[in-house]
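Worksheet: one structure, shown below.
All values below were derived from every heavy atom in this structure, side-chain atoms included, with hydrogens, water molecules and symmetry-related copies excluded.
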Amino acid sequence: KDPKLADIVLRGLLKYWPVTNSQKEVLFLGELEEILEFTQSTEFRKVMKTMFTVLGRCLRSSHFQVAERALFLWNNDYVVSMIAQNKETVLPIIFSALENNSRNHWNSAVHGLTCNVRKMFIDMDKGLWDRCLAEYEETMSGKQEKEFTEFSLSALKESKKNLEAFLLLADQEQVEAARNQVSARSAFFAAPEPRAQEAVGDGEAVGEPAAMAEDQVAAEDQVAALD
């Protein structure tokens, strides 16, 4: 209980904070409050940035007991007095957690406690709160714009990919159709042509088979060009 050891004890507690175990986090928050009651303002300032970074993460916790126990720190008058002395440093660190809880947290008890803490800070320094709120809104606006840009680029890439696949399929279908046409013509010329032979025997014109042969050559050239 030597106040001079508070800095060392708090740093050790924060170093081994059980991030992945909610029940242990609740126990650590209780221990943290007890240690803070014996902590002088000088020792408090040495660890407040690290400490409130951890507390901000606890405030954001989806596990309501963790968020609720962290908010209970503001029921301790001594802790609140030290926070008030260092509000310019503390509030910007935890502001986003408080604002997110007040807007989105699913638990009504956490939401109510968050509103009480917000009111405390507004009463402490309304100007500081307004500045933090303006920075928060600007950050959120930039984040949403970035997410929209990334979504648009992703959609554009997907559309381009689908278009390329469609064109490739269309080319393949065109090649297949040309091949079928060549196969059909080849089968036609391979089959007996009695009527054409009779026409030749009678001295009639044979221009039609010759024209079809030229069509076959043209179709084969088209297939080669598509491949």
Side-chain angles (χ1 to χ4, degrees), residues 1-105 107 109-140 142-143:
K1 295 184 178 181
D2 185 355
K4 295 180 181 179
L5 298 177
D7 175 36
I8 298 174
V9 175
L10 285 172
R11 289 184 186 278
L13 191 68
L14 296 171
K15 181 179 180 181
Y16 296 103
W17 198 268
V19 178
T20 59
N21 191 315
S22 298
Q23 295 301 323
K24 287 184 179 180
E25 277 194 289
V26 173
L27 294 175
F28 269 57
L29 286 165
E31 291 296 321
L32 178 64
E33 183 176 3
E34 290 186 15
I35 297 170
L36 287 175
E37 290 178 347
F38 297 98
T39 303
Q40 301 298 321
S41 58
T42 303
E43 306 301 321
F44 181 86
R45 292 189 184 95
K46 292 179 181 178
V47 298
M48 63 181 178
K49 290 185 178 180
T50 303
M51 180 172 60
F52 281 97
T53 299
V54 173
L55 286 175
R57 187 169 61 243
C58 292
L59 292 173
R60 293 187 186 92
S61 176
S62 59
H63 194 293
F64 80 96
Q65 289 181 333
V66 175
E68 185 179 52
R69 187 62 186 86
L71 289 164
F72 279 158
L73 290 174
W74 275 265
N75 291 337
N76 188 308
D77 293 337
Y78 181 71
V79 174
V80 170
S81 67
M82 287 194 293
I83 291 174
Q85 295 172 20
N86 302 278
K87 57 184 178 295
E88 292 83 0
T89 302
V90 173
L91 182 57
I93 296 174
I94 64 171
F95 184 87
S96 63
L98 292 174
E99 199 64 20
N100 289 339
N101 276 4
S102 67
R103 299 183 184 189
N104 304 316
H105 204 283
N107 185 269
V110 172
H111 183 271
L113 290 169
T114 300
C115 291
N116 293 337
V117 173
R118 291 173 77 251
K119 187 176 184 303
M120 284 186 187
F121 278 110
I122 293 173
D123 293 341
M124 289 178 192
D125 193 334
K126 182 65 164 58
L128 176 62
W129 179 269
D130 290 341
R131 290 195 299 273
C132 291
L133 180 60
E135 292 177 2
Y136 174 83
E137 295 289 355
E138 183 178 355
T139 301
M140 292 301 295
K143 183 179 179 181

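- Residues I83 and F121 are in side-chain contact: their nearest non-hydrogen atoms beyond the backbone lie under 4.5 Å apart.
- Between W17 and F28, the angle of the ring planes goes over 60°, which puts this pair in the perpendicular group of the 30/60° scheme.
- The shortest heavy-atom contact between A6 and E43 is CB-CB, 4.4 Å.
- Annotation: the span from M48 atom CE to T89 atom OG1 amounts to 4.0 Å, rounded to 0.5 Å.
- In this structure, I94 CD1 and L98 CG are separated by 4.5 Å, a value rounded to the nearest 0.5 Å.
- Going from atom OG1 of T114 over to atom CG of N101 covers 4.0 Å, rounded to the nearest 0.5 Å.
- Considering all non-hydrogen atoms of both residues, Q23 and Q65 come closest at NE2-OE1, 3.4 Å.
- How far CG of L27 is from CZ of R69: 9.5 Å, rounded to the nearest 0.5 Å.
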Report, one line per pair, each donor and acceptor closer than 3.5 Å where one atom sits in a side chain of residues 50-58; sequence neighbours left out.
from: T53; atom 1: OG1; to: K49; atom 2: O; distance (Å): 2.7

Do D7 and T42 pass the side chain to side chain contact (heavy atoms under 4.5 Å, CB included) test, and can you show the C-alpha distance, the side-chain angles, and the key distance before you say yes or no?
CA-CA 9 Å; D7 175 36; T42 303; over 6 Å; no

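- Of all the heavy atoms in P92 and K87, the pair that sits closest is CD-O, 3.8 Å.
- We find the OG-NZ distance between S41 and K46 to be 10.5 Å, quoted to the nearest 0.5 Å.
- A pairwise comparison of heavy atoms in V66 and S22 identifies CG2-O, 3.6 Å as the closest pair.
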Test log, rule side chain to side chain contact (heavy atoms under 4.5 Å, CB included), inputs N116 and W74
CA-CA 9 Å; N116 293 337; W74 275 265; over 6 Å; no

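- Nearest approach of L29 to A70, heavy atoms of both residues: CD1-N, 3.8 Å.
- Annotation for E68 and A109: closest pair OE2-CB, 3.8 Å, computed over non-hydrogen atoms.
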Start with the C-alpha distance between V80 and M124, add both sets of side-chain angles, then the distance that settles side chain to side chain contact (heavy atoms under 4.5 Å, CB included), and finish with yes or no.
CA-CA 11 Å; V80 170; M124 289 178 192; 4.0 Å; yes

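- F44 has its side chain out of reach of L10: every pair of non-hydrogen atoms, C-beta onward, lies at least 4.5 Å apart.
- Atom CG of D123 has more than 12 neighbouring heavy atoms from other residues, nucleotides or ligands inside a 6.0 Å radius.
- If you take OG on S96 and CG on L133, they are separated by 12.0 Å, rounding to the nearest 0.5 Å.
- Residues E33 and N76 bring a donor and an acceptor atom of their side chains to less than 3.5 Å of each other.
- Classification of E25 and R60 as a salt-bridged pair fails, no side-chain N sitting under 4.0 Å from a carboxylate O.
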Could you go through the side chain to side chain contact (heavy atoms under 4.5 Å, CB included) check for R118 and W129 one step at a time?
CA-CA 9 Å; R118 291 173 77 251; W129 179 269; 3.6 Å; yes

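- Checked against side-chain hydrogen bond (donor to acceptor under 3.5 Å, both in side chains), E135 has no partners two or more places apart in sequence or in another chain.
- Looking only at distances, a side-chain donor or acceptor of Y78 sits under 3.5 Å from a matching main-chain atom of T39.
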